[in-house]
Chemist: 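I'd like to ask some things about the structure below.
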Amino acid sequence: MDILLYDNWERRLRPFTPLRNDWVGLYCCGPTVYDYAHIGNLRTYLFEDILRRTLEWNGYTVRHVINITDVGHLVSDGDDGEDKMEKGSRKAGESAWQIAERFTIAFKKDLNSLNVLEPAIWCKATDHIAEQIDFISCIEKNGYTYRTSDGIYFDTSKQDDYGYLARIKRDAIKAGSRVELGEKRHATDFALWKFSPEGEQRQMEWDSPWGRGFPGWHIECSAMSAKYLTPWFDIHCGGEDHIAIHHSNEIAQNQACHGTRLANFWMHGYFLQIDSGKMSKSSGDFLRLQTLLDQHIDPLAYRYLCLTAHYRSQMQFSFEALQSAQTALQRLRDTFYAWPAGGSVNAEFKEKFTAFVNEDLNLPRALALVWEMLKSDLSDADKKATVAEFDRVFGLGLASWEPRALEIPAEVQNLAEQRLAARAAKNWAEADRLRAELHALGFEVEDKAGSMNIKRL
């Protein structure tokens, strides 16, 4: 069955055909590790995880790469202002290297909590300075660069189709209206290498053919994706905010050096909205995954919530919606756990499921199919086998979930034992009275042959 994916380069659904026989290359723009990730950031990584799982569902081996931006991402897309890592270092009172390590660990912990599959390759910008310098040298050799007092810049006027991904109309961008030109020749030009300020020593800086300094943000992804996936690979992903600048500049760099647009498919996850606005890390006012944990929300309830909205639609977040997702997930877990094992995957439902996920990752419809199947005439054992198979894509960890051991107060245990004794003596009136007391305390007793099971109401 064909996979249809929405390609932002062509702005249409396209059948996916891999470029190689042995693996599918998937590059996902990772975090700038100057602060914690917020749940809006994490929605993008959940979309990318679903994409990878869908490709694997269809039998492909995926070489999944996520980068870690630990240098070069300036606070302004206009190539001015300070590096986000230097700013984060000052705010935290730790070195840039220390906060990069701390927030990288936190990010990976968040992904693990959300059951996001580990990529085949993690790559840090600071571990690939030589590759970035080589890439800039290639761009320079081909005549696409110029030098200013603060760095080496990419001359976008040399490419007639610069910004095609975002359908940028360069003539409509007036210098000084949105971007301060400084010494840049054109508003859309961008830094490849920035020089360290004269008389200052940065925490992160390196020697280069052009002088001591640090790479621009965009060059790391071009250099590292080419190293690990080749200069022409299958799918490049990121958030919708990357389309206009970061991904447009990646493409420009690759066209200048290798003559490719980097990836055959460009796919983007859309924003999480809260209170009618985009959640933003730079604002300092955002919800972390830990915020949900502090309110006793299971991280996988957030994953379930993200499954209910298509990745190409902005999703409005509310705690009411999240609580509903947690309730639905718990119901699914309880039902799945109670079903007997030993069934077979139902071919008809599997075919429907595959059709939904292969139609540009239509997970909301695939999730609705599960609830539809729960009401079907299939045996419970077959339902369990089929849902377990679907969970390879959902990633909800249903097969590994078990109910928590119930903590039973001594008073409740004592009443339950008295009731068990009353039943053994056929004192039904006393047994009913004790049941009522247990109900008043919020507990129920399920009677079994010679034993009982205590549970909450």
Side-chain angles (χ1 to χ4, degrees), residues 5 8 23-56 60-73 84-85 99-129 131-132 135 215 217-231 233-243 246-247 249-251 253-254 262-270 272 281 288-289 299 302-303 306 311 361 395:
L5 300 175
N8 262 316
W23 47 262
V24 171
L26 174 62
Y27 187 91
C28 300
C29 281
T32 303
V33 284
Y34 70 100
D35 205 338
Y36 294 105
H38 60 64
I39 61 172
N41 301 140
L42 295 173
R43 185 192 180 199
T44 297
Y45 298 105
L46 286 169
F47 137 63
E48 293 160 349
D49 184 59
I50 292 296
L51 171 60
R52 172 183 168 178
R53 288 171 179 270
T54 297
L55 291 167
E56 291 178 346
Y60 295 114
T61 298
V62 180
R63 182 176 290 184
H64 182 191
V65 179
I66 299 181
N67 70 297
I68 298 292
T69 299
D70 55 357
V71 70
H73 190 172
K84 288 188 174 183
M85 298 305 301
I99 66 164
E101 179 66 15
R102 179 157 65 89
F103 290 127
T104 297
I105 291 171
F107 173 70
K108 291 181 178 180
K109 181 180 177 182
D110 283 347
L111 294 194
N112 184 63
S113 296
L114 290 167
N115 209 19
V116 171
L117 297 172
E118 183 89 4
I121 298 166
W122 290 103
C123 48
K124 293 196 301 183
T126 53
D127 288 341
H128 297 80
I129 299 300
E131 289 85 350
Q132 294 175 73
F135 210 105
W217 173 30
H218 318 295
I219 197 66
E220 67 176 84
C221 289
S222 289
M224 293 190 293
S225 63
K227 176 175 182 175
Y228 294 111
L229 298 176
T230 78
F233 59 90
D234 295 283
I235 306 173
H236 195 311
C237 292
E240 62 172 308
D241 53 331
H242 286 161
I243 297 172
H246 183 47
H247 286 173
N249 291 348
E250 281 186 61
I251 291 168
Q253 292 166 162
N254 266 62
L262 200 68
N264 190 24
F265 281 78
W266 287 84
M267 299 179 65
H268 300 88
Y270 278 58
L272 185 73
K281 211 160 62 167
R288 291 175 51 200
L289 194 63
Y302 180 62
R303 184 181 182 104
C306 290
Y311 78 92
L361 315 182

Chemist: Atom CG of L5 and atom SG of C237: how far apart are they, to the nearest 0.5 Å?
Modeler: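 So the gap between those two atoms works out to 9.0 Å.
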Chemist: So how far is it from T104 OG1 to I68 CD1, rounded to the nearest 0.5 Å?
Modeler: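 T104 OG1 to I68 CD1: 4.5 Å, rounded to 0.5 Å.
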Chemist: What distance do N254 atom CG and I219 atom CD1 have between them, rounded to the nearest 0.5 Å?
Modeler: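 Between atom CG of N254 and atom CD1 of I219 there are 8.0 Å.
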Chemist: For H268, check ring-ring contact (aromatic ring centres under 6.0 Å, His included) against everything at least two apart and list the hits.
Modeler: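 Here the qualifying residues are H247.
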Chemist: Taking side chain to side chain contact (heavy atoms under 4.5 Å, CB included) as the test, write out the residues that go with P119, two or more places apart.
Modeler: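 Result, side chain to side chain contact (heavy atoms under 4.5 Å, CB included) vs P119: H64, I66, W122.
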Chemist: Quick one: side-chain hydrogen bond (donor to acceptor under 3.5 Å, both in side chains) partners of E48, sequence neighbours excluded?
Modeler: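 Partners of E48 under the side-chain hydrogen bond (donor to acceptor under 3.5 Å, both in side chains) test: none.
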Chemist: Taking all atoms of both residues into account, what is the closest heavy-atom pair of A37 and L42, and its distance?
Modeler: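 That would be CB-CD2, 4.2 Å.
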Chemist: Apply side-chain contact (heavy atoms from CB on, under 4.5 Å) to residues E101 and I105 and explain how you reach the verdict.
Modeler: CA-CA 6 Å; E101 179 66 15; I105 291 171; 3.5 Å; yes
Chemist: Do the side chains of N41 and P31 get nearer than 4.5 Å, heavy atoms only?
Modeler: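 P31 vs N41: side chains apart.
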Chemist: Mind listing the closest non-hydrogen atom pair of G25 and D234 along with its distance?
Modeler: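 For G25 versus D234, the nearest heavy atoms are N-OD2, 2.8 Å.
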Chemist: Restricting to non-hydrogen atoms, name the atom on Y45 and the atom on C29 that form the minimum distance, rounded to 0.1 Å.
Modeler: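 Smallest heavy-atom distance, with atoms named: OH-O, 3.2 Å.
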Chemist: Looking only at the side chains, is there a donor atom on one of E250 and H236 sitting less than 3.5 Å from an acceptor on the other?
Modeler: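 The criterion, which ignores hydrogens and geometry beyond distance, is satisfied for H236 and E250.
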Chemist: State, to 0.1 Å, how close A125 and V71 come at their nearest heavy-atom pair, and which atoms those are.
Modeler: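 Answer, listing the atom of A125 first, then V71: CB-CG1, 4.1 Å.
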Chemist: State which residues pass side-chain hydrogen bond (donor to acceptor under 3.5 Å, both in side chains) with N249; sequence neighbours excluded, sorted by chain then number.
Modeler: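 Counting only residues at least two positions away or on another chain, N249 forms a side-chain hydrogen bond (donor to acceptor under 3.5 Å, both in side chains) with Y162, H218.
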Chemist: Could you go step by step and tell me if Y36 and L289 meet the side-chain contact (heavy atoms from CB on, under 4.5 Å) rule?
Modeler: CA-CA 9 Å; Y36 294 105; L289 194 63; over 6 Å; no
Chemist: If you look at every heavy atom in S222 and Q253, which pair is closest and at what distance?
Modeler: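 Result for this residue pair: OG-NE2, 2.8 Å.
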Chemist: Please report the interatomic distance CD(E220) to NZ(K124), rounded to the nearest 0.5 Å.
Modeler: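 It is 12.0 Å, given to the nearest 0.5 Å.
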Chemist: Any heavy-atom pair between the side chains of Y311 and M267 that's under 4.5 Å?
Modeler: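 In contact.
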Chemist: Do I235 and L55 come within less than 4.5 Å of each other through their side chains, counting heavy atoms only?
Modeler: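 SC-SC contact between I235 and L55 confirmed.
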Chemist: Check whether any side-chain heavy atom of W23 lies under 4.5 Å from a side-chain heavy atom of L229, and answer yes or no.
Modeler: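 W23 vs L229: side chains touch.
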Chemist: Quick one: list whatever passes side-chain hydrogen bond (donor to acceptor under 3.5 Å, both in side chains) with Y228, sequence neighbours left out.
Modeler: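 Y228 satisfies side-chain hydrogen bond (donor to acceptor under 3.5 Å, both in side chains) with H128 once adjacent residues are dropped.
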Chemist: State which residues pass ring-ring contact (aromatic ring centres under 6.0 Å, His included) with Y302; sequence neighbours excluded, sorted by chain then number.
Modeler: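 ring-ring contact (aromatic ring centres under 6.0 Å, His included) check on Y302 returns nothing, list empty.
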Chemist: Measuring from I121:CD1 to L26:CG, what's the distance to the nearest 0.5 Å?
Modeler: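 If I round to the nearest 0.5 Å, the distance is 11.0 Å.
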Chemist: S225: what forms a side chain to side chain contact (heavy atoms under 4.5 Å, CB included) with it, not counting sequence neighbours?
Modeler: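 If we apply the side chain to side chain contact (heavy atoms under 4.5 Å, CB included) test to S225, skipping adjacent residues, the hits are Y27, F233, L262.
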Chemist: Search all heavy atoms of F135 against all heavy atoms of A226 and return the closest pair with its distance.
Modeler: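 Looks like CE1-CB, 4.3 Å.
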Chemist: Checking E56 now: which residues fulfil salt bridge (Lys or Arg N to Asp or Glu O under 4.0 Å) with it, not counting sequence neighbours?
Modeler: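 Once residues adjacent in sequence are excluded, the partners of E56 under the salt bridge (Lys or Arg N to Asp or Glu O under 4.0 Å) criterion are R52.
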Chemist: From I99 CD1 over to K84 NZ, what is the distance, rounded to the nearest 0.5 angstrom?
Modeler: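 Atom-to-atom, I99:CD1 and K84:NZ are 12.0 Å apart.
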Chemist: Is the shortest side-chain heavy-atom distance between F103 and D70 below 4.5 Å?
Modeler: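 F103 does not reach D70 side chain to side chain.
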Chemist: Donor-acceptor pairs are to be reported for all side-chain atoms of residues 106-117 against protein atoms at under 3.5 Å, with residues two or more places apart or in another chain.
Modeler:
unit_1, atom_1, unit_2, atom_2, d
S113, OG, K109, O, 3.1
N115, ND2, G395, O, 2.8

Chemist: Under the salt bridge (Lys or Arg N to Asp or Glu O under 4.0 Å) rule, collect the residues that match up with R53, sequence neighbours excluded.
Modeler: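 Residues passing salt bridge (Lys or Arg N to Asp or Glu O under 4.0 Å) with R53: D49.
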Chemist: Which residues pass the ring-ring contact (aromatic ring centres under 6.0 Å, His included) test with Y270, not counting sequence neighbours?
Modeler: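 By the ring-ring contact (aromatic ring centres under 6.0 Å, His included) rule, Y270 matches no residue at all.
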Chemist: Name all residues meeting the salt bridge (Lys or Arg N to Asp or Glu O under 4.0 Å) criterion together with E131; count only those two or more places apart in sequence or in a different chain, and write none if there are none.
Modeler: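 So E131 forms a salt bridge (Lys or Arg N to Asp or Glu O under 4.0 Å) with K227.
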